[in-house]
Structure formats: C-alpha cells, structure tokens
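Side chains included, hydrogens not; waters and symmetry mates left out as well; all remaining heavy atoms used.
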Amino acid sequence: MRSSRWQRTTAETSIRIELDLDGPASAKTDTGIGFFDHMLAQLGTHGGMQLHLACDGDLEVDGHHTVEDCGIVIGQALAQALGNRSGIRRYATMFIPMDETLAVTHLDISGRPFFVFRGTIPKVRLGAFDAELCEEFFRAVAMNAGLTLHMEILYGANVHHMVEALFKSFAHALRQAAELTGRGVLSSKGML
C-alpha cells in the first residue's frame with residue numbers, strides 16, 4: 001500500500017491528510033480557500049490518487065501559511081507513501097495546454113529536493129487565493145517530498161488558466177513518475 005496519513009499542527013495551521021497513490025482518483029479538501037481547494041481537486045483527480053486534506057489556518061492573516069503548510073504536508077505524505085521508491089518510473093515530463101496557456105513540469109523523484117520555477121504569475125487574487133502562492137506551494141511540496149521539480153509557464157494570459165495548467169502538469173508528471181514498473185531502483189547507486 002502506497003499510502004500515508006499525516007498530521008501537522010503549528011501556531012499558524014492544523015492540517016490532516018490521507019493520501020493513497022494507488023487509490024481511486026478523488027479529492028476531498030477543505031482549506032478555507034475555495035480556489036486552492038479547486039486546485040487540490042485537480043491534483044487528486046489528474047494525479048490518479050486519493051487525496052483527503054483538511055486545514056484550519058490563520059486566514060485572518062492571509063492565505064500564505066495555509067497554502068505553504070499544505071504543500072509541506074502533501075510533500076511529507078508523498079515521501080512516506082513513496083517509501084524507498086523502489087520500482088518507480090522516477091522521471092516524467094508533462095506539457096498541459098489550457099486554452100491560451102501552456103505549462104510544463106519536469107519531475108525526478110530523486111530524493112534530492114530542488115525547485116526551479118520559470119515564468120511570471122501576475123500578483124492577482126483568484127477568489128481568496130493569491131496567485132503568487134502557487135510557486136510557494138510547489139516549492140514546499142518539492143522540498144518535503146524529495147523531488148527535483150522544474151516548472152514553467154511557457155505562455156498564457158489568463159491567470160486562472162496559468163495556475164490550473166501548472167497543477168495539472170504537476171499531477172500528470174507525478175502520476176507517471178510514481179508509476180510502478182517492477183524494475184527495482186532506477187539508480188546506479190542502488191538507492192534514491
């Protein structure tokens with residue numbers, strides 16, 4: 001079973017997660033930020049995983065702590081669910097078009113966290129979601145899951161489309177890279 005249950009409580013957020021990489025693709029999330037819940041639903045559905053997450057955050061301040069801490073917890077749950085990473089495909093690249101926007105994710109489930117983001121997300125709000133937090137979310141996921149993650153918005157105009165294309169490209173890349181091949185550890189070192 002490639003699954004995880006995780007809880008993290010700080011002075012800023014309290015988060016519970018249940019994640020199953022091989023479960024039926026679904027998402028049930030409640031972060032208090034409607035657009036962010038919509039993006040997490042894309043992650044579960046397009047990532048082919050079961051993602052249940054509840055966050056009680058200090059939204060009276062703003063959404064930063066909630067979004068970043070959810071990224072931390074999702075990354076930690078992914079790391080736990082992936083285990084020793086034996087038998088996974090490991091690498092994936094996914095381009096996702098969304099109307100006028102094109103985004104790409106390059107992913108290595110390497111055990112060596114690194115994050116590169118290229119492109120410009122305008123500093124606007126999508127409902128109660130600050131669009132610039134998209135980059136913070138993926139950085140937190142990469143650092144806590146041990147992913148080498150490169151993401152780019154190649155072009156686009158509609159900010160909703162830009163952010164959603166990034167979430168979908170990440171979800172599909174993760175789904176491919178985490179796929180079990182049965183070939184052992186894909187590393188000349190013998191471990192990731």
Side-chain angles (χ1 to χ4, degrees), residues 8 12-13 15 17 19 27 29 31 33-47 49 51 53 55 57 62-79 82 85 89-178 192:
R8 180 178 190 263
E12 298 167 340
T13 60
I15 304 171
I17 186 171
L19 184 142
T29 64
T31 65
I33 304 173
F35 183 82
F36 187 44
D37 286 330
H38 177 51
M39 292 302 99
L40 294 176
Q42 305 311 309
L43 181 57
T45 300
H46 290 268
M49 69 180 85
L51 173 63
L53 181 143
C55 176
D62 67 10
H64 190 284
H65 299 145
T66 293
V67 173
E68 184 177 33
D69 288 6
C70 284
I72 290 169
V73 170
I74 289 170
Q76 291 170 337
L78 280 170
L82 287 164
R85 299 158 192 225
R89 185 172 304 282
R90 183 177 168 180
Y91 297 98
T93 291
M94 182 57 67
F95 289 84
I96 292 289
M98 187 159 185
D99 297 342
E100 85 297 341
T101 296
L102 184 63
V104 62
T105 294
H106 308 281
L107 174 64
D108 175 9
I109 302 177
S110 62
R112 295 182 313 279
F114 202 88
F115 180 68
V116 174
F117 180 80
R118 293 177 58 188
T120 301
I121 299 176
K123 293 183 178 186
V124 300
R125 288 185 67 122
L126 301 166
F129 180 80
D130 293 311
E132 64 188 336
L133 293 178
C134 182
E135 186 176 346
E136 297 301 323
F137 172 78
F138 286 113
R139 178 179 291 108
V141 172
M143 294 300 125
N144 287 276
L147 307 177
T148 300
L149 178 61
H150 293 240
M151 303 182 83
E152 185 173 7
I153 298 172
L154 299 169
Y155 47 82
N158 182 296
V159 181
H160 182 131
H161 295 165
M162 291 175 172
V163 173
E164 189 162 343
L166 286 169
F167 270 84
K168 287 179 176 176
S169 68
F170 173 75
H172 281 276
L174 178 63
R175 183 179 193 164
Q176 285 185 8
L192 295 175

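Remark: A145 engages L78, L147 in a side-chain contact (heavy atoms from CB on, under 4.5 Å) (not counting sequence neighbours). For E136, the salt bridge (charged side-chain N to carboxylate O under 4.0 Å, His left out) criterion is met by R139, not counting sequence neighbours. H160 is linked by a ring pair (Phe, Tyr, Trp, His ring centres under 6.0 Å) to F35, H38, counting only residues two or more places apart in sequence or in another chain. By the side chain to side chain donor-acceptor pair (under 3.5 Å) test, H150 pairs with no residue at all, sequence neighbours left out. Not a single side chain to side chain donor-acceptor pair (under 3.5 Å) links T101 to another residue, sequence neighbours left out. Applying the side-chain contact (heavy atoms from CB on, under 4.5 Å) criterion to Y155, with sequence neighbours excluded, gives L102. Residues passing the side chain to side chain donor-acceptor pair (under 3.5 Å) test with D130, sequence neighbours excluded: none. T66 pairs by the side chain to side chain donor-acceptor pair (under 3.5 Å) definition with nothing, not counting sequence neighbours. For R175, there are no side-chain contact (heavy atoms from CB on, under 4.5 Å) partners, not counting sequence neighbours. For the side-chain contact (heavy atoms from CB on, under 4.5 Å) test, residues two or more places apart in sequence or in another chain that qualify with Q176 are A92, M94.
A ring-centre distance under 6.0 Å is not found for F138 and F117.
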Go through the steps to decide whether N158 and D99 satisfy the test side chain to side chain contact (heavy atoms under 4.5 Å, CB included), and finish with yes or no.
CA-CA 9 Å; N158 182 296; D99 297 342; over 6 Å; no
_side-chain hydrogen bond (donor to acceptor under 3.5 Å, both in side chains) between H65 and T13, intermediate numbers included_ = CA-CA 7 Å; H65 299 145; T13 60; over 6 Å; no
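Sorted by first and then second residue, the pairs that involve residues 155-170 and meet salt bridge (Lys or Arg N to Asp or Glu O under 4.0 Å), not counting sequence neighbours, are E164-K168. Under the side-chain hydrogen bond (donor to acceptor under 3.5 Å, both in side chains) criterion, no residue pair touches residues 114-125, with sequence neighbours excluded.
A donor-acceptor pair under 3.5 Å is absent between the side-chain atoms of E12 and the main chain of G57, judged by distance alone. Side chain of S169 to main chain of L166: a donor-acceptor pair is present (N/O by atom type, distance under 3.5 Å, no hydrogens or angles). For T148 (side chain) and R112 (main-chain N/O), a donor-acceptor pair under 3.5 Å exists by modelled atom type.
Atom CE of M39 is separated from atom CG of L126 by 8.0 Å, given to the nearest 0.5 angstrom. The CG atom of D108 sits 12.5 Å away from atom NE2 of H106, with the distance rounded to the nearest 0.5 Å.
The residue from F167, F129, F170 that alone fulfils the ring-ring contact (aromatic ring centres under 6.0 Å, His included) condition with F137 is F167.
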